Structure formats: structure tokens, C-alpha cells
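What follows is a short report on a single structure.
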Amino acid sequence: MILSDKVLIIGGGVAGLTAAIELADSGVKTVLVERQHTVGGNALDLYKAFPTDDCFYCFEASRFRPGIRKCFYRSALLDHPNLELRTNTTVEAVAGSPGNFEVTLMVGPQYVDPMRCIMCGLCQKLSSAFVLISPQCQPQAVVYVPDQADDNVKEAVEKCPTKAINLEAQPTEEVIRASDIVVATGYHEMKPVGMEEYHYEELPDVVTQLELARMLDPNGETSGQLVRPSDGGPVKHVMMVQCVGSRDENYYPYCSKICCVFALKHADIIAQEREGVQVSVVYMDIRTYDRHERYYRKSRRAGVNFIRGRVQTVSKAKDGGLEVIVYDSLLDRYLKFRVDLFVLSTALEPSAESNEMAQMLGIRTSNGFVASLDPTSGDEVIVGDHVYACGTALGPAEVPESVTQARAVALKILQGRK
Amino acid sequence: MTETDGSERPPATLIEPIDMSTLDASFRREIQSMPDGDELSACFACTTCTAACPIANQWEYKPHQLIRMIILGMRDEVLSSKEIWECLTCFQCQERCPQKVRVTDIIFDCKNLAAEEGKIPDAIRNLARELLEKGQLYVITADWEREDLDLEPELPGLSTEEFKTILRNTRTGRIVGGE
Amino acid sequence: MPTYNLYMGCSVPANYPNYEAALLKVAKALDVELNYMEGVGCCGSPNLRAFDYYGWLVVNARTLAIGEQNGHDIVTPCNGCFASLKDALYHLRHDKKDMKRVNEELKKFDLELRGTVRVRHVVEALYTDVGVDAIREKVTRPLDGVGIAIHAGCHLMRPADVTEMSIEILEEMLRATGATVVQYPLWKQCCGATVLPVNEALAVRLARDKLRSIKDAGAEFIMVVCPACGNQLDLQQFGIKDTYGEGYDLPVLFYPQILALAMGMDEEEVGLSMNRVPADPILDHLTE
Ligand SMILES: Cc1cc2nc3c(=O)[nH]c(=O)nc-3n(C[C@H](O)[C@H](O)[C@H](O)COP(=O)(O)OP(=O)(O)OC[C@H]3O[C@@H](n4cnc5c(N)ncnc54)[C@H](O)[C@@H]3O)c2cc1C
Ligand code: SF4
Ligand code: SF4
Ligand code: SF4
Ligand code: SF4
């Protein structure tokens, strides 16, 4: 094995990014494949992060790269000599043998050249087919959405000061050789459409925690304002309900591990930063593991109302907002609430097509997530011969844990090359 | 106290704990061996069943408490409860139980055990008697109505004797006969 | 032509011959053959399951075995019969010991149950085997989008692993008549019929809450597919007037009645006058 053998990393979330940067910094040629137009994954939408309550746009993983101020999203991902970034790209086939994989990539059309785009916003003004996914997107460029194309897109092509737009771009197939593959395909937040008692998607004021995070984010659609999605009315009472789709044999049998912590993170943010907003949390167990117990204590002190029990019904209230009836199992009574925002702490589920991915790589899964080759070995990141996984591709995890695993992967690969 | 019932005992002040040795520890296994009872022990006391139940707000024992009582072995209390007979058999609790405990079906099992011990509301006993006597729940009385609608006056194909024969030899017969 | 074993039960023929008549006429018009099952009795209803599980298994196994003989599916217009037959079959399929024991019993009637027969609600059978498109084609006087709330009934819908039903089936069937499906918060709630014998006040209260939820949602009619639900929601409206002083005036119709009218049949043919809360306002919504 030689140092110049490439490593393929699938998934550009926190875990994949960390693994890619660590390896690239150590001199290993790395290809990072991301199916979205921007890297960052779910962390892009999280606003503030536990355990440090930092802004999520900068996180610990890049501590050793002072030049980029702890921030991946302003990092020079595109300029790194050892790192090839392929966004809008998926893995189509894996052939060859462990240590010498032959991987076919399907690279989506690159309508906007990220090396040229200066994000001047001119095209966006002309047509809604050009969008900026997030100010923190990486690569730093707008994205062209062909479905949204209108008569003005041609003009944008002409007027673009850097001539970054090419509407004729075609998808391309690319075959690369890689010695090792790292699965960092992450998770998806479950959308509880089938759970009739919660009326998700039917009642606009019923949202998930990720959707709430978007609302709390100053960069989100509501600029950080908490308003009722149904009618824009003010939010005076937020109710959260835990274990939606988790610990449920009809959906996901496992505990999603971090939803108690992020629910309380949001509860704290609201209780402390939004004046006059009451927060209630309906739970059956609060599982703020190890150091995160502090969020539980903090939110109790901040006046968050904890109700042990389950929700009976959610319905539209006459004067806007929702009427929620909860069975309080400690009191053994049913309680009726008027709430403006009903937030479901839904399960973290395997990301779409992870089964196909596992099959393609010949690796095992457990509950849909990638399974360690030998769960008892302590090398949880080894999932196959020359195949590794890190982050939430392995199951629900917080960022620090995902980062630790990503580093473990980088270390394992480097050790293998000594 | 102004009135006494004759027996001079000190008034109850503190409520005694339930003495676990007086409970029927085998009740749990008994239910588990009955139809749909196997998932009973999976209950993790989340109370979703009670939240789902449309009528438990007027019950002394809520659905999750009935399940709890079965697990603990409170056999008499469960089998003599009015709750098991008031259950609408609407299956809302069962549908939402995250641990697939077949709550409604287990309440059905309890009713069968209660019936075996003669703990059965009069109205239900009457129903059993009617089933046995008539061989069906409802008998056609207004056959002219049927004829007006071009239907046979009697229900085609109906035969009630076999139904009676079967139930005479099962618990229905015992319930009705053993009054 | 789709052919079925029709298990009518005892409630429909005794209490709601209008439901029976409308069903037969609709089936005929849709080219569906419904043959009354020969030599069958009562299902005992889920009530029988409550106090005599084994007896309930045997009486229903007998009906199932008779249906199994000619290979056609059993269909029924009654949720109680549906639940009893389907539930008994589910249990027998999952319990080999009981299946054996029950078959010993069935020998006395020269019958044997293998468990291959299918039990279906007749409306689902029409939905799946005839199809909404074919039904819509036969609708000559579609309803003018009038708001109708569906009460499906607990024993038709749950437990889902037993009943294999979904509410969309009923919704699509109702829409095929031109009506609008009105959603209401308490759509899942029990009508209260089961608890009538042991707690009448509770039964009335449940019906009342349900009716109120339907009324508040703006529905003008209620559609049911079960004689027990129909009876409870229709008849109790008079009791509720007495106990709660509330009048709901919500006519309750069986699905085949609605469909038959939309297919051009007249009110006598579907026995509209037998519906307790006067249901003739539905006629005003038929487009000619
Ligand atoms: C509401 C909420 C709040 C949270 N708050 C916190 C918090 O405060 N602190 C904290 O530490 N953690 C928090 N988390 C957890 C945090 O989101 C995760 O730990 C972290 O984002 C995981 O990163 P990842 O790289 O493993 O996965 P992801 O972020 O899911 O990234 C996976 C990436 O892989 C890509 N991908 C997937 N499949 C493919 C494929 N087949 N081909 C190519 N690319 C693919 C995806 O597009 C995505 O970009 C929160 C989670 C939620 C839901
Ligand atoms: S006009 Fe060109 S440079 Fe400006 S944002 Fe659009 S693509 Fe980028
Ligand atoms: S972390 Fe909390 S909310 Fe999430 S599944 Fe576990 S107990 Fe439920
Ligand atoms: S819903 Fe299921 S797990 Fe929860 S308390 Fe009821 S029986 Fe137990
Ligand atoms: S089946 Fe019985 S216990 Fe369960 S929700 Fe219905 S009424 Fe309540």
C-alpha cells in the first residue's frame, strides 16, 4: 500500500468532512462524494450546538486549522491539494477488491462552476432557478435548479460577471480507484406522516425538531422569529413531545439517543432567549446521558414544564393554534393545553438508500444503520475489509462522537499504511 | 366517631402497602399463555394506551394500570373490575402501543377469565342467554318491510341450530346454565 | 363476474333491510354476484368473544369452513361479523393447537377449515375488485359535492394487522359518488354501541361527542358501513335531544344507499324512509 492510494469518502456531513480533512492533511489523496450541492449535512440546519452552545457553523473538528477560524464552511475545501470534492454526486457501483476498489461515480451536471461564482447574487435577482442553499454552503456558490427555470435564466448566463453559469452542463460518469472506502452517509430525521395522532403535515403548526431549529436560526426563513406557521400569529406556548417513532416497535425500536438532549437544548434557547414563551415537554423518559444531564437541570430551572405522559389528541383550536390533550401519568389526569407550536422529537433514521449502499459494499446493517464488523472489538468504525464508517451512518450520535469516530477512521487508515 | 359497627378497632390512619406475597404471581404467565398475551411483559409503562383511550378518564383503573396490575399479579382486582367490561374494544390503545402489547386483546382474555369465575355483569349474562335461546342476536320481526324492498321475508340460508348446539357445550352454556 | 359468499349476519336483515336491499341492487348494477351463504348462523359478535372465546372461535370457524368450500371470498356488510370472522380466522391461523381443536369440533358438521378462505368487508371488495373508476362510470346523478363525514367503525379499522383495512378505501368510494369527504377530529372515536348493555349513559355520551365533532366540522350527512354504528349514530340522536337538549339532525346513510342514489335508483328502492333521522335531504343534492 502506498500513501498516494486514494480514499473514497461517501457523505460530506460533519463525519465525512472530518475524515476527509484529517486524511488530506496527513497527505492522503481523498475523494469526498456528497449527493447534495453543499457539504455540511444535517449540521447545516442546527443553529446552536450542544455541548458548547456554539454556533454550529464552526465546530471543534477543525481546531487544528487556525487559518480557517475553526470553520469548515469557510475552509478552503476546494483548494486543498489532497482533497477532491464531488458534490451533486452519487456512487453508482463498486467493483474490484478490498484495497483496490473500482468505484463508478455519477457526477451530476455542474451548472454553476464553484471556482468562478463569487456569490454576487445577480442571477438570483433575475430568476428563482438560482438559489443559495445556505450562506454557509460549501462550495461557496449558488445552485441552479432546472425545474424552476424561466425565461430569465438566459439573461443570467450572459450577465454573470464571472461567466460561471453553463446551462448545457451534462451529468458525467467517472471511475476512480480507491484503496479504502469510508461510509459517512449520516441520518435522516423521520417525518412522522403515518402517525395519525399527531397530524403532522396536516396541521401546519405541528413541526419536527429540525424544523424548529430552522425557525430559531437567525438565518432561517423567519429570521429567528417564532411564529405560527399556520397564520403567522405569535408563539406563546411551545409543546414538545419525545420518543416519536423511537422506542416504538411499529417504527424504530431503538432509542435515538440524542433527541432528549436536543429537545432540551431548544427548550433552553426558547426559555432564555424568547421572552414570555412557555415551553412544555411531554415525555415518557428523559434520557440526557452523561454530561448532558445539565440541560435537564437547566431547563427545569428555566421554567420548562415537564409532563410525564402521552398525547391524547391534537386539534385545531378555534382562535388559531392548537388544542392538545395530554394524559399526565403522574397526576393520573388528562390536561388540556392551548399551544401555538407542537414539536415532535422524531427518530433519527438511516438516510435514504442506505440499504442499497450497504448492499453495494457488502457490509452488514443493524436497524438500517451500518453495523460494525465486530461490535465487541472496540473498533466500531471497521465495518468491512478496507471499509469504514463514522458518524451517524453507524446510528444516532452527536457531533463530538461523530468527529471522534471520523478521527478514528483516519487513524486506522493511516496505521494501515505504515 | 359517633357511630360504630360494633367492632372496636383503631381507625385506619396510614394506608398499608400492598403485601406482594398476597398477590398472584402466576397471573402474568396465565395471561401470557392466552391468545395475544405473549407481548404483555414488553410493557414499559409509557401510558400511551391510556392517552389513546377515549373513556379511561372515568375509570379508576386506566388501561396501563390494568396491564401493570396483571404484571404484578393483582388477579382479583383485575377480574372483578368494571373497567374490563366497559372497554369499548375499540383497539385505539392497542393500535398506538409502542411495544406491541395487545392491550385490547388482553382485556378480552381477562373477560374470559372473569366469566369463567362467574364475574360477569347481568347485562352480558342476559346477552349470553338470548344467544343460546334464539341462536342469533337479532331476529327478523318486520318481514313486511323486507318484502317492500324486494327481499325474501326470511333471511336466505339462515340456520341457527348449529350455533346453539356449539354454544351449549362451551362456556356460554355454563354461564347461562349455572345461574 | 366477481362472485362472493355473502355473509349477511343477523343485524342487517332484522334491523336494516334498507342496507341489505341497497347493497344487493348496487352489486347487481355493478355486475357482482353476491350469493347468500347456505346453512350459516350468527357470528356471536365481539361480545361473544368477551365471555366465551372458544365458543366464538368454533361458531365462526364453522362459517369460515362453509365459505372455504367453494373457493369464493366471504364478504359481509357488518363490522361485527367482519371482525368476528376475520379475527377468528387470524387467531386460528396463528394458533395451530386451537385450529386442531376447532377442526375436531367441525367434524361433527362434516366440515374442515384449512384457513385459506378470505374475509372482506363488502365495500372493500367492491373497491378492490370493481374499482373506483368503474363505479364512477355508473354514477349518473353524482352528488353535488355535499359534505359527508365517514364513520368507519372500530372493528373495521383495528387492529390493522387483523383487519387489513385503510380509511382511504372508504374515502375514495365516497368521493366516487361526487360527495366531499369531511374530515373531523374524532373520526377514530368509537360510536359507543359496544358499551350500551353495561353503561348506557357512556354510550350516549360517546355518540354525542362524535356527532358534535361531525357537526362542528360542517358535514351534512354521515356515512356508515355497519348496522351497529348506523343504529347508534342514527337512533341516539333522539336520545341525545332528551339527555343533552342538543339536536344534531345529521342523517345517517349506509354507503350502498348513497351509491345507489347516485347511480340513479330511487329512494324507495334503497328504503330511505327507514333511516331514522329523515334522510331525504340527500335527494336535493343529486344532480340530474
Ligand atoms: C434537531 C437536531 C438537533 C441536533 N443538535 C445537535 C447538537 O446540538 N449537538 C450535536 O452534537 N449534535 C446535534 N445533532 C446531531 C447532529 O446532527 C449529528 O451528530 C451530525 O450532524 C452527524 O453528522 P454526520 O456526518 O454523521 O451525518 P449527516 O449530517 O447526516 O451527513 C451525511 C451526509 O451524507 C450525505 N449522503 C447521504 N447518503 C449519501 C450517498 N448515498 N451518497 C452521497 N452522499 C450521501 C448527505 O447528503 C449528508 O450531507 C442534532 C440532530 C438533530 C436532528
Ligand atoms: S451571477 Fe454568477 S457569480 Fe453571481 S451568484 Fe450567479 S453564478 Fe455566481
Ligand atoms: S433520546 Fe429521549 S426522546 Fe429520543 S428516543 Fe431516547 S428517550 Fe426518546
Ligand atoms: S402503551 Fe403499551 S407499553 Fe405503553 S403502558 Fe400501555 S401497554 Fe404498556
Ligand atoms: S379498547 Fe378499551 S381500553 Fe383500549 S382504548 Fe378502547 S376502550 Fe380504552
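Being a predicted model, the structure only gives us computed values, none of them experimental. Chain letters run A, B, ... following the sequence lines, proteins first, then strands; residues in each count from 1.
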Below 4.5 Å from any heavy atom of chain C, which atoms of [X] appear? Answer side chain, backbone, both or neither.
X	value
Asp150(B)	side chain
Ala114(B)	neither
Glu86(B)	both
Ile124(B)	both
Leu158(B)	both
Gln58(B)	side chain
Gln94(B)	side chain

Only one of Asp98(C), Asp87(C), Asn103(C) forms a side chain to side chain contact (heavy atoms under 4.5 Å, CB included) with Leu92(C), so which one is it?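 Among Asp98(C), Asp87(C), Asn103(C), the one that satisfies the side chain to side chain contact (heavy atoms under 4.5 Å, CB included) with Leu92(C) is Asp98(C).
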Distance-only, no hydrogens or angles: does the Asn5(C) side chain make a donor-acceptor pair with backbone N or O of Met37(C) under 3.5 Å?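 Side chain of Asn5(C) to backbone of Met37(C): no pair is present.
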Please confirm whether the backbone N or O of Cys191(C) pairs with a side-chain atom of Lys210(C), one donor and one acceptor, at under 3.5 Å?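 Checking the backbone N and O of Cys191(C) against the side chain of Lys210(C), no donor-acceptor pair under 3.5 Å is found.
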Residues Glu105(C) and Tyr54(C): side-chain donor-acceptor under 3.5 angstrom: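 Looking only at side-chain atoms, Tyr54(C) and Glu105(C) do form a donor-acceptor pair, the distance falling under 3.5 Å.
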Nearest-0.5 Å distance that lies between atom CG in Leu66(B) and atom SG in Cys49(B):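 Answer rounded to 0.5 Å: 9.0 Å.
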Is chain B contacted by the side chain of Asp95(C), its backbone, both, or neither, given a heavy-atom distance below 4.5 Å?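 Neither; nothing under 4.5 Å.
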